[in-house]
Every structure is written in structure tokens, then in C-alpha cells.
Amino acid sequence: HVQLVESGGGSVQTGGSLQVSCTAYGYTYTDVCMGWYRQAPGKEREGVAAIVTGGGSTYYADSVKGRFTISRDNTKDMLYLQMNSLKPEDSGMYYCAADRARWDIVVMMTSGAFGFWGQGTQVTVS
């Protein structure tokens, strides 16, 4: 049984930094795509960033390029999202997602075709 647990959300002022983490339990596949999505009240879910563990390719939404960095510690089954220069529009519930890297990383992120999702962690920028 696969379980994803996010942590590290919180409140920060505009221009500040925050790191959110995701721990994957029970996931044994080696070629995995893991990503971060966010959703603010009244807005559609947005794919923020993703990484493929096999080849190391990454994806970033245009809105976060140059400010956010996704990384993964395979030895600990941990996924991280370092967020710098935060803006109020970065606020929302951040969700971790994972599945086999069945398609191109852009396809997976834009389609949201992940089989496993976490419960989310709230990020508020004011």
C-alpha cells in the first residue's frame, strides 16, 4: 500500500522561503515520476514541479521557474520542494503525487495522471 505524506507547510511573508517535503511509504518502483501540485480556493489545481527518479529530468511550471527547486532523496524516499522568493499567489494547498514514469514528464504533469496522492500541506504567503 503506497502512502504519501506531506510536511513543512506554513506561513511566510512575501519574498521569504519555505520547503515542503513528501515521504513515500510502500513505493517499490524504481522509475518513478513524483510531482507537486497546488490548489488555491476557487482555483483549478496547478502542476508546479516534477522529477523523474530514473533519468533525473525535471519539470517546472512557468510561474515558478527560477524560484522553486524540486529534489529527491532516493535513499530516504523523500521528495522536496524548495520555494524561494515566495509571492501571495503561491499560496495554496500543496499536494505530492507519484506514479510510474509511464509517459513524458510534461504529459504526466499536465494530465495529472498520478495514481497516488498525499493529503496536502498548506502554504500561505502574505
Side-chain angles (χ1 to χ4, degrees):
H1 178 67
V2 176
Q3 185 178 13
L4 302 176
V5 180
E6 301 95 337
S7 61
S11 297
V12 65
Q13 291 186 336
T14 298
S17 298
L18 202 62
Q19 185 183 67
V20 291
S21 304
C22 173
T23 305
Y25 298 96
Y27 208 97
T28 59
Y29 300 118
T30 55
D31 200 13
V32 176
C33 182
M34 297 190 73
W36 288 98
Y37 286 81
R38 67 186 180 190
Q39 189 166 22
K43 294 188 177 181
E44 292 187 356
R45 185 181 66 189
E46 176 189 16
V48 176
I51 187 167
V52 175
T53 58
S57 58
T58 57
Y59 164 94
Y60 293 96
D62 288 341
S63 57
V64 306
K65 282 180 181 176
R67 300 187 298 120
F68 289 13
T69 303
I70 190 169
S71 61
R72 174 169 163 83
D73 185 338
N74 292 332
T75 63
K76 299 179 181 179
D77 288 331
M78 293 285 294
L79 180 72
Y80 305 98
L81 185 67
Q82 177 65 40
M83 303 180 288
N84 299 326
S85 302
L86 283 162
K87 305 174 182 179
E89 51 264 42
D90 294 318
S91 298
M93 189 69 78
Y94 280 69
Y95 298 93
C96 175
D99 210 330
R100 284 181 173 178
R102 291 170 290 175
W103 301 294
D104 175 80
I105 192 172
V106 175
V107 172
M108 290 200 68
M109 284 302 288
T110 54
S111 65
F114 290 89
F116 304 102
W117 294 81
Q119 293 298 307
T121 185
Q122 179 68 38
V123 172
T124 303
V125 185
S126 60

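Here the structure is a predicted model, which means the values were calculated and not measured. Scope of the values below: all heavy atoms of this structure, side chains included, with no hydrogens, waters or symmetry mates. Throughout, numbering of the chain's residues begins at 1 and tracks the sequence.
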Co-membership, hydrophobic cluster, residues Phe116 and Tyr94, 4.5 Å side-chain: yes
Donor-acceptor contact below 3.5 Å, side chain Asp73 vs main chain Met78: no
Heavy-atom side-chain proximity of Cys22 to Trp36 below 4.5 angstrom: yes
Side-chain heavy-atom pair Val123, Met83 within 4.5 angstrom cut-off: yes
Min side-chain heavy-atom separation Pro88-Thr14 under 4.5 Å: yes
Check: Val52 main-chain N/O paired with Tyr59 side-chain donor or acceptor under 3.5 Å: no
Check: Ser63/Glu89 side-chain N/O donor and acceptor closer than 3.5 Å: no
Verify same cluster id: Ile51, Met108 (apolar side-chain graph, 4.5 Å): no
pair Phe68-Leu86: side-chain heavy atoms closer than 4.5 Å: yes
Linked hydrophobic residues, Val5 as query - side chain contacts closer than 4.5 Å: Tyr25
Transitive ILVMFWY side-chain link Phe114 to Val107, under 4.5 Å: yes
Verdict with reasoning, Lys65 to Asp62, per salt bridge (charged side-chain N to carboxylate O under 4.0 Å, His left out): CA-CA 5 Å; Lys65 282 180 181 176; Asp62 288 341; 3.1 Å; yes
Heavy-atom donor-acceptor pair, Ser126 side chain to Gln13 backbone, under 3.5 Å: no
Backbone of Met93 reached by a side-chain donor or acceptor of Tyr37 within 3.5 Å: no
Main-chain N/O of Gly92 paired to Arg38 side chain as donor or acceptor, under 3.5 Å: no
Test item: Thr121 side-chain N/O and Glu6 main-chain N/O as donor-acceptor pair under 3.5 Å: no
Check: Ala113 main-chain N/O paired with Arg102 side-chain donor or acceptor under 3.5 Å: yes
ILVMFWY cluster, Ile70 and Val106 together (side-chain gap under 4.5 Å): no
Min side-chain heavy-atom separation Ser7-Thr23 under 4.5 Å: no
